[in-house]
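All of these numbers come straight from a predicted model, not from anything done at the bench.
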Amino acid sequence: MHAMQYDITLPADYDMEIIRKRVATRGHLLDDFPGLGLKAYLMREREDGSPVNQYAPFYLWARAAGMNDFLWGPGFQGIVNDFGRPVVQHWTVLAYDEGPAAAASPRGATRQRRPLPDGVPPAEAIAAELDRHARESTDEGVVARALAVDPRHWELLTFTLWAEATPAAAPDEPVDRFQVLHLSAPGRRDLPHGRLW
């Protein structure tokens, strides 16, 4: 399974209603996209305390073929046409779980990125993160959670969909918070659950 995200950072005075309308009129187009586990249409805005205005869709791909079909097809070309070509971040998913609020439509999402610690064998560090993922996936309000790694930069990613507003994080654990404008989830039921490594 693959996780993918691109961040489109917008000017401080950008009318974020444009993004809401974009998602309202186009979001449904991926509701049955082959190979897509889920796509969360995410937005954060300065008006709500974010450091930036940003549109940042997040994807979980059940199959790499689906991801390739999207990136080289008309869906992503629409992003390129409207915003330029963003950097597409990509991670290998290590674990995916549905939470206690799995039946809810998510309203919030969090993204935490952190480096794999130096001086610790990668397999040991990842095993510890998998244990943490399993514990935190049962937190109240969790709709779904994925743990992934980018071995190019040795970066861990924890992505969580929340039924309501996102909870506060510990001061030493900076977290990016987003609104979920729409969720396309054609293959969510077929995503493998639990530890994938």
Checklist entry - What are the two closest heavy atoms between T138 and P100, and how far apart are they? => result O-CG, 3.3 Å
Checklist entry - Which atoms form the tightest heavy-atom contact between Y96 and A146, and what is the distance? => result CD1-CB, 4.2 Å
Item to check | Contact check, side chains of P57 and K39, non-hydrogen atoms, under 4.5 Å | outcome: yes
Next on the checklist: With a 4.5 Å cut-off on side-chain heavy atoms, are R63 and L36 touching?
Outcome noted: no
Checklist entry - Going through the distances and angles, do Y41 and I19 end up as a side-chain contact (heavy atoms from CB on, under 4.5 Å)? => result CA-CA 10 Å; Y41 293 78; I19 299 299; over 6 Å; no
Next on the checklist: When you compare the side chain of V180 with that of R107, does any pair of heavy atoms fall below 4.5 Å?
Outcome noted: no
Checklist entry - Using the benzene-type ring in the case of Trp, are the ring centres of F76 and Y6 under 6.0 Å apart? => result yes
Next on the checklist: Let me confirm one number: the CZ-CG distance from R20 to D15, rounded to the nearest 0.5 Å.
Outcome noted: 8.5 Å
Next on the checklist: Within the structure provided, determine whether R188 and L183 are in side-chain contact (heavy-atom separation under 4.5 Å).
Outcome noted: yes
Checklist entry - Can you find a pair of side-chain heavy atoms, one from P51 and one from R44, that are under 4.5 Å apart? => result yes
Checklist entry - Which pair of heavy atoms, one from G27 and one from S184, lies closest together, and at what distance? => result O-OG, 3.2 Å
Item to check | Side-chain H-bond candidate by donor/acceptor type, D97 with H133, under 3.5 Å | outcome: yes
Item to check | CD/E47: more than 12 non-hydrogen atoms of other groups inside 6.0 Å | outcome: no
Next on the checklist: Between E45 and Q179, is there a side-chain donor-acceptor contact under 3.5 Å, judged purely by atom types and distance?
Outcome noted: yes
Next on the checklist: Would L60 and M1 count as a side-chain contact (heavy atoms from CB on, under 4.5 Å) here? Give the steps.
Outcome noted: CA-CA 7 Å; L60 288 177; M1 189 187 321; 4.3 Å; yes
Checklist entry - Between F83 and Y55, what is the ring plane arrangement, given parallel below 30°, perpendicular above 60°, and tilted in between? => result tilted
Checklist outcome for this item: On a heavy-atom basis, the closest approach of L130 and L94 is CD2-O, 3.7 Å
Next on the checklist: When you compare the side chain of D176 with that of Q112, does any pair of heavy atoms fall below 4.5 Å?
Outcome noted: no
Next on the checklist: Applying a strict under-4.5 Å side-chain criterion to I, L, V, M, F, W and Y, I'd like to know whether F178 and M43 cluster together.
Outcome noted: no
Item to check | ring-ring contact (aromatic ring centres under 6.0 Å, His included) partner of F159, the single match among W91, F58, Y59 | outcome: F58
Checklist entry - Looking only at heavy atoms, which two atoms of I8 and P86 are closest? And how far apart? => result CG1-CB, 4.4 Å
Checklist entry - Should we say atom CG of D118 is surrounded by more than 12 heavy atoms from elsewhere, each under 6.0 Å from it? => result no
Item to check | N-O pairing of D7 and R111 below 4.0 Å | outcome: yes
Checklist entry - Hey, does T160 have a side-chain heavy atom less than 4.5 Å from the side chain of V142? => result yes
Next on the checklist: I'd like to know if E98 pairs up with R145 as an ion pair, taking the criterion as any Lys NZ or Arg NE/NH1/NH2 lying under 4.0 Å from an Asp or Glu carboxylate oxygen.
Outcome noted: no
Checklist entry - So, R132 and E136, do they make that salt bridge, N to O below 4.0 Å? => result yes
Item to check | salt bridge (charged side-chain N to carboxylate O under 4.0 Å, His left out) partners of residues 82-96, not counting sequence neighbours, each pair once | outcome: R22-D82, R26-D82
Item to check | Donor-acceptor side-chain pairing of D31 and H28 below 3.5 angstrom | outcome: no
Item to check | Hydrophobic cluster membership, L196 vs L147, 4.5 Å side-chain cutoff | outcome: no
Checklist entry - Can you check side-chain contact (heavy atoms from CB on, under 4.5 Å) on E129 and R114, steps first, answer last? => result CA-CA 11 Å; E129 288 297 327; R114 58 201 182 283; 2.4 Å; yes
Checklist outcome for this item: Heavy-atom nearest pair, N53 first then D13, reads ND2-N, 4.4 Å
Next on the checklist: Is there a continuous path of hydrophobic side-chain contacts, each under 4.5 Å between heavy atoms, that joins I18 to M16?
Outcome noted: yes
Checklist entry - With no hydrogens and no angle check, is any side-chain donor or acceptor of Q5 less than 3.5 Å from a backbone partner on V88? => result no
Checklist entry - Is a side-chain donor-acceptor pair under 3.5 Å present for Q77 with W72? => result no
Item to check | Spacing of R152 atom CZ and T92 atom OG1 [to the nearest 0.5 Å] | outcome: 13.5 Å
Checklist entry - Is any side-chain heavy atom of W162 less than 4.5 Å from a side-chain heavy atom of V143? => result no
Item to check | Hphob cluster co-occupancy, V87 + L10, side-chain heavy atoms under 4.5 angstrom | outcome: no
Checklist entry - If two hydrophobic side chains count as joined below 4.5 Å and joins carry through other members, does W61 share a cluster with I79? => result yes
